Protein chains: 2
Amino acid sequence: MGKESDEVILLDYWPSMYGMRLRVALAEKEVKYEFKEEVVGGVKSPLLLKMNPIHKKIPVLIHNGNPVCESLIAVEYIDEVWKDKAPFLPSDPYQRAQARFWADYIDKKLYAPGRKTWDAIGKEEEGKKELIESLKVLELEALGDKPYFGGESFGFVDIALIGFYSWFYTFETFGNFNMEAECPKLIAWGNRCMQRESVSKSLADPHKIYELILTYRKHLGLE
Amino acid sequence: MGKESDEVILLDYWPSMYGMRLRVALAEKEVKYEFKEEVVGGVKSPLLLKMNPIHKKIPVLIHNGNPVCESLIAVEYIDEVWKDKAPFLPSDPYQRAQARFWADYIDKKLYAPGRKTWDAIGKEEEGKKELIESLKVLELEALGDKPYFGGESFGFVDIALIGFYSWFYTFETFGNFNMEAECPKLIAWGNRCMQRESVSKSLADPHKIYELILTYRKHLGLE
């Protein structure tokens with residue numbers, strides 16, 4: 001269904017773990033696209049507001065003029081349109097449901113605790129505890145000893161989680177803990193994913209993310 | 001893939017709008033299943049805790065011993081396993097993404113404001129405003145003048161929303177507003193869905209839900 005002549009545009013914001021999902025997914029499918037930075041200085045562009053009037057959030061994938069919003073939905077869309085290459089979801093319905101379950105778990109359980117570690121609301125310790133708890137569930141229940149979440153090949157849950165990996169440095173620095181000591185298999189998984197060009201070229205630099213948050217905290221008078 | 005000999009069990013709680021999704025989905029596919037009430041007097045059963053150890057929530061669909069958790073994921077699972085009958089999702093990837101977008105919108109935007117209308121935390125007015133706002137977006141942006149959300153046939157978004165319809169009486173009574181005056185097309189849609197046996201036989205009685213909430217509020221000394 002995906003064609004060479006397709007126009008693919010990604011409305012994104014460079015440090016977004018959700019935007020990174022779409023960058024990785026498009027890279028895995030070898031789809032050429034135009035990256036548009038649509039949040040500058042905290043301000044959302046008119047194009048973003050027009051393309052996602054309901055939630056007003058990046059990322060938005062625009063395929064031949066049609067916007068697809070919400071990152072996991074867009075990743076599934078990419079998988080369905082460019083279906084001949086590197087399938088993200090397995091074909092078995094039960095395994096598909098399991099993959100969707102863990103991707104949904106990531107959406108529900110990581111952002112809020114991760115944010116508490118750095119958002120200067122005095123909840124660093126609480127955020128750290130909740131984040132480690134959620135990550136350990138992922139590590140023990142979903143990843144285990146497999147190379148990727150779906151088994152031997154990189155797939156849907158890996159794509160859902162990988163953007164958070166580039167935030168780990170920020171979480172552990174402000175939350176004052178060592179991610180590798182807490183979740184060694186998850187770190188090994190992240191390093192394994194980084195061997196893929198689709199990932200290493202799509203993820204934001206962890207130190208740049210840290211700098212962004214440091215600036216934010218300085219602005220609030222906290223550093 | 002679904003066979004006559006399949007063992008299908010639904011762990012549920014009768015007033016749950018999420019459980020109702022699975023009841024309707026299984027009825028649409030004409031799948032026979034065993035309904036198990038797993039929340040009694042506010043207490044969750046050992047079977048539920050065993051089958052959904054991560055979230056500890058109903059509904060859980062157990063198909064030949066394998067649990068599928070999270071209601072929208074289970075509805076997609078049902079659609080994929082019993083795929084020959086009454087497809088819930090369209091085949092076109094963009095329309096599938098749109099359906100998933102609105103189902104996700106329902107998950108994100110209805111429960112919390114609906115609960116505020118009756119949960120005796122002094123936020124009835126706020127809940128009413130937010131709920132009407134979210135429902136109007138659904139009515140105007142997603143339903144429009146179509147008979148069902150997906151067009152001519154009953155599908156994924158209808159299944160996602162229909163459980164809330166049986167809570168409308170509770171929302172409007174405690175929130176002190178008239179749902180039909182606010183969202184006439186949505187009420188017409190709900191009445192249309194109720195013409196289907198899959199829906200009318202699966203939904204909880206709105207007055208029983210109201211009685212349940214009334215008892216809850218009396219227990220708190222509010223009525």
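What you see is a predicted model; the values in this text were computed from it and never measured. Sequence lines set the chain letters: A, B, ... in the order given, protein chains first and strands last, and positions in each chain run from 1.
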A side-chain contact here means heavy atoms from C-beta on lying under 4.5 Å apart; do [X] and [Y] qualify?
{"X": "A/Q98", "Y": "B/Y77", "value": "no"}
{"X": "A/H55", "Y": "B/Y105", "value": "yes"}
{"X": "B/I54", "Y": "A/F101", "value": "yes"}
{"X": "A/Y94", "Y": "B/H63", "value": "no"}

Open item on the list: Could you measure the distance from the CZ atom of B/R100 to the CZ atom of A/R100? Nearest 0.5 Å is fine.
Closed with: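 One finds 5.5 Å between CZ of B/R100 and CZ of A/R100.
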Open item on the list: Below 4.5 Å, heavy-atom pairs only: which of A/K108, A/K109, A/E70 has the largest tally toward chain B?
Closed with: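 Counting heavy-atom pairs under 4.5 Å, the top option is A/E70.
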TODO: Tell me, out of A/V68, A/D79, A/N66, who's got the most heavy-atom pairs with chain B below 4.5 Å.
DONE: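 Looking at each of A/V68, A/D79, A/N66 in turn, A/N66 comes out on top.
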Under 4.5 Å from any heavy atom of chain B, what part of [X] do you find: side chain, backbone, both or neither?
{"X": "A/R96", "result": "side chain"}
{"X": "A/D104", "result": "side chain"}
{"X": "A/P67", "result": "both"}

Task: Taking every non-hydrogen atom, the tightest pair across A/P93 and B/V81 - done: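 Result for this residue pair: CB-CG2, 3.7 Å.
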Check this for me: [X], atom [atom1], are more than 12 non-hydrogen atoms of other residues, nucleotides or ligands nearer than 6.0 Å?
{"X": "B/K50", "atom1": "NZ", "answer": "no"}
{"X": "A/E37", "atom1": "CD", "answer": "yes"}
{"X": "A/K129", "atom1": "NZ", "answer": "no"}

